[in-house]
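Read through the structure below, which is laid out as structure tokens, and then see the notes.
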Amino acid sequence: MNLCGFMIENMQKRINDVFEAFGGDKLPILRRFKVFGSTDAALIYVEELTDTEALNRDVLAPLMVDKDVKTKDIIKHIVDEVTPFASAVIQTDITQAVSFLLEGDAVVLVEGAEQYFTVASKMWSHRGVEEPPTSSVIRGPREGFTEDMRTNISLMRRRLKTPDLTFDMIKVGKYSSTSIAVTYIKGIADESIIKELKKRINAINIDGILDSSYIEAFLQDNRKTVFSQIGRTEKPDIATGKLLEGRICVMVDGSPSVLTLPYLFIESFQDVGDYYGLPARRNILRLLRAASFIIAVLLPGLYVATLLFHYDMLPTDFLLTIINARSGIPMNPMLELLVTMLLFEILQEASIRMPRYIGSALSIVGALILGETAVKAGTISSPAVMISAVSAITIYNVPEQSNIMNMLRFVFTLLGGFMGFFGLIAGSVLLALHLLSLTSFSVPYMAPYAPLYENDKQDALFIKPITQRFMRPESIPTNNRVRMRHNK
């Protein structure tokens with residue numbers, strides 16, 4: 001066998017090795033051609049992920065021109081002087097070729113060359129940048145993250161024009177090989193938290209990552225709790241603000257939700273619009289959200305406990321009104337309220353699962369008809385419907401904790417129904433102790449109030465004007481505490 005025949009077999013073996021990694025009949029596209037009219041070569045790409053027009057124009061067309069090239073390193077000559085792709089990269093490990101193909105790159109093999117090169121010719125459809133449905137604002141930026149990581153990174157870089165903005169890429173998922181970007185500002189973020197975060201992500205051994213929620217559970221300090229110790233946002237301006245405070249963002253390719261950490265419980269009562277409005281007005285709204293949390297969780301339990309155990313605490317006229325409204329109701333107050341809340345849950349799930357326009361009509365008409373019919377039929381009393389409705393509405397004033405609040409109000413209703421005020425007090429104490437025991441990457445979950453960080457009160461339950469927020473949060477470990485220079 002001559003040397004040329006050996007080289008042809010070598011290239012064919014490489015092609016076979018790449019194709020054997022794919023199963024089924026839908027294989028990558030193989031295009032054989034001659035480089036400069038004399039040397040055999042092969043172009044391999046995945047049709048669904050690659051811009052074929054760019055390959056034809058910028059790879060095949062210049063390489064198939066007949067010309068005399070005298071060089072020993074033909075691959076280097078092609079990459080440096082022929083191919084107009086800015087991201088053409090020479091590779092040596094053929095076992096990595098499959099990974100490049102699945103990323104949307106094209107692979108070019110040349111006869112007689114030990115190396116090969118890849119060109120970044122990715123092309124896949126993705127959603128445009130628009131306002132996220134979960135974080136609409138009256139005033140402020142309206143851009144939202146998309147499912148494309150390159151777009152999300154560009155949104156971050158456009159806001160932070162500094163080389164200190166760092167994206168550390170990690171691949172997770174045996175089959176999905178999902179790209180995860182650990183994002184932070186070098187010189188501000190704490191190195192120990194960055195190291196611990198990367199350690200937890202690298203320890204994930206799972207078949208596939210389809211959304212950021214998949215890795216959220218692996219990043220929790222305490223997995224035996226219903227409270228999430230990881231924040232989420234779909235707005236680049238909020239993620240940028242977190243980075244400037246010394247926090248870290250985790251971006252997952254294919255997900256518009258960016259994780260932020262460390263995360264504090266008090267952040268649940270902070271809204272995206274708080275930073276673009278009048279501080280006095282926003283402070284009132286933050287108090288309203290905190291009150292909504294208490295009302296949503298405790299109101300049904302207080303109603304049941306009062307009627308079953310402590311009715312003598314109610315004013316006589318008010319008590320008579322409730323007794324008259326409940327006249328003829330076959331269920332006791334606890335069972336009645338549980339049934340009412342369960343009906344609201346069923347109605348909510350149905351409205352979400354139905355098509356959008358039908359779902360909105362179903363939620364409005366269904367609630368009115370169902371509630372009114374049940375009251376007139378004497379199955380459920382009007383006070384129970386009102387208490388359930390108020391509790392359900394206040395839940396969505398704190399959307400980050402809505403699922404948890406929904407579960408807690410059922411628990412506190414049972415406690416109030418079986419143990420009265422004592423059960424509600426005991427449940428509240430246990431809930432507070434549980435929250436105090438939680439941490440987010442070793443940062444106390446209930447900071448800045450437990451433990452107390454006086455400086456952090458500038459943006460906690462109340463917010464100070466931006467002209468008075470000189471320092472970064474003390475509860476979040478950082479390498480640079482100064483946020484704004486001042487004369488004091």
Side-chain angles (χ1 to χ4, degrees), residues 49 86-89 91 96 99-100 102-105 118-124 126-129 132 141 143-173 176-204 206 208-216 218-219 230-263 440-441 472 476-480:
L49 303 179
S87 53
V89 181
Q91 309 289 348
Q96 297 295 320
S99 299
F100 294 125
L102 294 176
E103 289 286 344
D105 295 347
T118 61
V119 290
S121 52
K122 303 177 180 66
M123 185 194 69
W124 48 62
H126 58 83
R127 182 169 56 92
V129 177
E143 291 178 326
F145 288 119
T146 71
E147 288 76 11
D148 181 51
M149 179 174 285
R150 293 177 301 170
T151 302
N152 296 342
I153 291 177
S154 69
L155 291 173
M156 299 288 284
R157 287 201 181 278
R158 202 173 71 186
R159 285 171 170 78
L160 294 175
K161 301 178 180 66
T162 169
D164 291 332
L165 179 61
T166 305
F167 298 90
D168 291 340
M169 307 302 296
I170 303 175
K171 296 280 189 180
V172 178
S176 66
S177 190
T178 305
S179 297
I180 297 176
V182 177
T183 310
Y184 57 94
I185 300 178
K186 189 184 300 182
I188 296 180
D190 185 73
E191 292 293 337
S192 61
I193 295 181
I194 297 172
K195 183 178 180 181
E196 176 63 22
L197 173 60
K198 291 181 181 178
K199 178 181 176 183
R200 295 186 189 184
I201 294 177
N202 284 316
I204 299 175
I206 192 172
I209 300 291
L210 305 182
D211 185 73
S212 59
S213 58
Y214 276 56
I215 69 168
E216 184 178 345
F218 293 96
L219 304 181
I230 306 295
R232 292 179 296 275
T233 183
E234 292 188 31
K235 289 185 65 63
D237 55 316
I238 292 298
T240 303
K242 301 292 185 185
L243 293 177
L244 291 172
E245 288 185 343
R247 290 180 169 88
I248 304 168
C249 293
V250 179
M251 306 169 69
V252 178
D253 194 20
S255 174
S257 295
V258 172
L259 305 182
T260 63
L261 53 98
Y263 179 74
S440 177
F441 280 80
R472 293 189 177 87
I476 307 298
T478 60
N479 291 330
N480 182 0

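Position 1 is the first residue of the sequence, and the numbers go up from there.
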Would a 4.5 Å heavy-atom cut-off, applied to side chains only, mark [X] and [Y] as touching?
X      : Y      : value
Arg247 : Thr478 : no
Asn480 : Arg472 : yes
Asp237 : Arg159 : yes
Met149 : Met251 : yes
Val250 : Ile230 : no
Ser179 : Glu103 : yes
Thr240 : Leu160 : yes
Leu243 : Met156 : yes

* Please check if any side-chain donor atom of Asp148 sits under 3.5 Å from a side-chain acceptor atom of Thr146, or the reverse. => no
* Asked: Between Glu196 and Glu191, is a side-chain contact (heavy atoms from CB on, under 4.5 Å) present by the stated rule, with each step listed?
  -> CA-CA 9 Å; Glu196 176 63 22; Glu191 292 293 337; over 6 Å; no
Rounded distance [0.5 Å steps], [atom1] in [X] versus [atom2] in [Y]:
X      : Y      : atom1 : atom2 : value
Thr151 : Phe145 : OG1   : CZ    : 11.0 Å
Leu197 : Ile194 : CG    : CD1   : 8.5 Å
Glu245 : Ile185 : CD    : CD1   : 10.5 Å
Lys242 : Ile248 : NZ    : CD1   : 13.5 Å
Ile206 : Ile215 : CD1   : CD1   : 10.5 Å

By side-chain hydrogen bond (donor to acceptor under 3.5 Å, both in side chains) - contacts of [X] (at least two apart):
X      : result
Gln96  : none
Thr233 : none
Thr178 : Ser176

Donor-acceptor pair, side chain of [X] and main chain of [Y], under 3.5 angstrom:
X      : Y      : result
Ser177 : Gly173 : no
Ser212 : Leu259 : no
Ser440 : Tyr263 : yes
Thr166 : Asp164 : yes

Sequence neighbours excluded, which residues qualify as salt bridge (charged side-chain N to carboxylate O under 4.0 Å, His left out) partners of [X]?
X      : result
Lys198 : Asp168
Arg157 : none
Arg232 : Glu216

* side-chain contact (heavy atoms from CB on, under 4.5 Å) between Asn479 and Ile188, worked out -> CA-CA 5 Å; Asn479 291 330; Ile188 296 180; over 6 Å; no
Ignoring hydrogens, what is the shortest heavy-atom contact between [X] and [Y]? Give both atom names and the distance.
X      : Y      : value
Ser255 : Asp211 : OG-OD1, 2.8 Å
Leu155 : Pro236 : CD1-CG, 3.8 Å
Asp190 : Pro477 : CB-O, 3.4 Å

* **Arg200 charged N/C atom sitting above Phe441 aromatic ring, 6.0 Å / 45°** => yes
* Asked: Hey, is NZ on Lys171 packed in by over 12 heavy atoms from elsewhere, all under 6.0 Å?
  -> yes
